[in-house]
Protein chains: 2
Amino acid sequence: MERKSPANRSLERGLALLRAFRPGSTLLGNGELAERTGLPRATVSRLTQTLVAGGFLQHDQAARAYRLGAPVLSLAYAMRQGSEILRAALPLMRETAENQRINVGLACADGEEMIYLESVRRHRASMFRHITAGSRIPMELTSLGRAHLATLPKAEVERMLALFRARRRAHWPALQKEIRAAIAAVERNGYCRASWQPGVIALAAPLPGQPGYVMNISLATERLSEQEIKTGLVSLLRGLVQEVAARL
Amino acid sequence: MERKSPANRSLERGLALLRAFRPGSTLLGNGELAERTGLPRATVSRLTQTLVAGGFLQHDQAARAYRLGAPVLSLAYAMRQGSEILRAALPLMRETAENQRINVGLACADGEEMIYLESVRRHRASMFRHITAGSRIPMELTSLGRAHLATLPKAEVERMLALFRARRRAHWPALQKEIRAAIAAVERNGYCRASWQPGVIALAAPLPGQPGYVMNISLATERLSEQEIKTGLVSLLRGLVQEVAARL
DNA sequence: GCAGTAATTCCACTGGATGGAATTACTGCG
DNA sequence: CGCAGTAATTCCATCCAGTGGAATTACTGC
């Protein structure tokens with residue numbers, strides 16, 4: 001028997017509509033929204049009207065569709081201001097990225113994905129795949145995601161794995177092995193490694209005492225030997241999370 | 001008789017709760033939320049639970065209060081990706097800020113405030129008052145806000161003025177004069193001027209053909225003479241909005 | 001202008017939302 | 001350590017707001 005917290009259906013649905021907007025689907029009509037959320041059209045129509053009235057959506061007359069409105073930007077700004085963790089970590093992240101000439105990231109979990117709170121990169125014009133604050137990356141493929149998984153209770157991990165399995169039928173056996181190995185690595189050594197973006201290797205570690213938060217460092221593979229990883233980067237990451245945790 | 005669009009009360013209220021989070025009040029408990037929104041406590045309690053379940057709020061156990069969650073960051077990212085205007089304007093804003101050594105802003109209205117979509121400044125470490133994407137600034141005091149007012153229908157302007165009047169009883173006569181003069185200036189010359197932050201002067205102009213969007217340029221007063229304003233900056237701003245509008 | 005599609009409004013129904021009151025969970029102080 | 005004081009949550013009877021299928025209306029592209 002699932003313990004159902006008294007949830008407000010209309011609000012849930014309204015939030016689901018907002019969540020349907022993603023990079024790549026930034027312009028959605030009522031029909032598309034209804035399809036993506038599985039809600040009846042009439043309901044979507046009414047909810048979008050409310051969202052528009054509140055400024056959270058803008059109606060694009062020409063495209064017969066909606067976009068996210070400026071208030072969400074404002075919320076994000078308030079959110080960043082309010083995040084103690086980000087405030088504590090950011091200066092250190094900047095410093096580390098600069099000194100070590102690597103990328104440093106801070107992320108937290110949202111459902112089956114990870115969301116970057118911040119990603120400080122050495123080269124501001126970035127690598128081809130565009131990653132910044134607010135970017136979503138898959139949990140099952142990334143060092144950040146796997147490091148996060150390692151902090152969850154066993155039962156929760158299995159639940160997540162079941163979800164991933166459904167999404168990645170194709171390479172599941174190999175992928176599952178990787179994920180479980182990463183979790184074991186985090187439990188043993190405090191960090192895990194992955195290479196989601198080709199040519200980029202990343203190490204990630206959970207922030208001690210801050211459930212849900214994970215940090216990573218990443219750099220181009222060409223720039224390092226196996227040796228260097230074992231020595232410099234691991235202790236760099238360890239030092240980073242320790243220091244950030246200490247500042248909280 | 002007010003034409004009431006069929007609004008969803010629960011959703012409206014949920015959004016109101018989110019909007020209660022601002023820079024400066026980033027950590028709000030149920031009680032404070034109830035007070036700020038005027039909603040009954042029981043209702044707030046249930047709605048916050050839903051917002052937490054959706055990830056939009058995080059419960060801070062220690063503070064007995066809520067913060068905004070990472071998904072709002074993600075929404076903001078999607079919003080920026082989806083804004084054609086921002087995409088069209090940003091390169092030009094960067095270029096102008098760099099070449100002319102000034103700050104260039106793009107904003108739009110939200111209720112009685114303006115929200116910066118982007119503010120590109122010459123010195124990245126900024127002036128004392130921290131302004132970035134998502135920052136809210138008062139409509140009645142700023143060049144951006146007044147330029148926006150000038151684009152509204154007369155009746156709407158009067159409605160807004162009534163609101164400002166209630167908020168600024170003290171200096172209202174002078175302030176009203178300033179605002180009306182600014183509106184007239186925009187209608188006559190296409191731009192208006194204001195100095196909200198002491199020591200900083202700003203010129204703002206609406207984006208032609210894009211109702212609700214306004215751009216500004218600003219710089220330290222010490223750096224210019226009256227002469228320079230009339231000549232260089234005005235035509236710079238005019239050229240800027242023209243070019244951005246042309247790219248849409 | 002007309003067909004075809006998408007969005008909105010209508011409306012009877014009903015169950016989800018509501019909020020005052022009671023209960024429970026905390027916290028800080030003596 | 002326990003108790004007072006406060007804040008949050010749960011309860012519950014009431015009822016109205018939300019719902020969604022169907023009808024209507026608004027668009028758009030041909």
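Every heavy atom of this structure was used, including side-chain atoms; hydrogens, water molecules and symmetry mates were not. Labels below follow one simple rule: chain letters A, B, ... track the order of the sequence lines, proteins then strands, and each chain is numbered from 1.
Here A:Q49 reaches the OP1 or OP2 of C:dT9: one of its side-chain N or O atoms lies under 4.0 Å away.
As a whole-Å value, the separation of A:L11 CG from D:dA17 P is 17 Å. Remark: C1' of D:dT9 and CG of B:N30 are 9 Å apart, rounded to the nearest angstrom. For the pair B:E35 CD and D:dT6 C1', the computed distance is 14 Å after rounding to whole Å. Regarding B:L33, its CG atom lies at a distance of 13 Å from the C1' atom of D:dA7, rounded to whole Å. Separating the CG atom of B:L51 from the P atom of C:dA17 is a distance of 13 Å, rounded to the nearest angstrom.
In this structure, the side chain of B:S83 does not engage the main chain of B:M79 through any donor-acceptor pair within 3.5 Å.
A salt bridge links B:E156 and B:R159; the closest N-O separation between the charged side-chain nitrogens and carboxylate oxygens is under 4.0 Å. Ion pair B:R238/B:E243 not flagged as a salt bridge, since none of the NZ, NE, NH1 or NH2 atoms sits closer than 4.0 Å to an Asp/Glu carboxylate oxygen.
The heavy-atom pair separating B:V104 from B:M93 by the smallest distance is O-CE, 3.4 Å. The minimum heavy-atom distance linking A:A245 with A:L207 is given by the pair N-CD2, 4.2 Å.
Nearest-nucleotide positions on DNA chain C place A:H59 closer to the 5' end than the other of A:H59 and A:S10.
For A:N8, whose side chain is taken as the heavy atoms from C-beta onward, the closest listed nucleotide among C:dT8, C:dA17, D:dA8 is C:dA17.
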Could you go over nucleotides 19-26 of chain C and give all protein N or O partners under 3.5 Å, atom names and distances?
{"residue": "C:dG19", "atom": "OP1", "partner": "B:R13", "partner atom": "NH2", "Å": "3.4"}
{"residue": "C:dG19", "atom": "OP2", "partner": "B:R13", "partner atom": "NH1", "Å": "3.2"}
{"residue": "C:dG19", "atom": "OP2", "partner": "B:T43", "partner atom": "OG1", "Å": "2.5"}
{"residue": "C:dG19", "atom": "N7", "partner": "B:R46", "partner atom": "NH2", "Å": "2.5"}

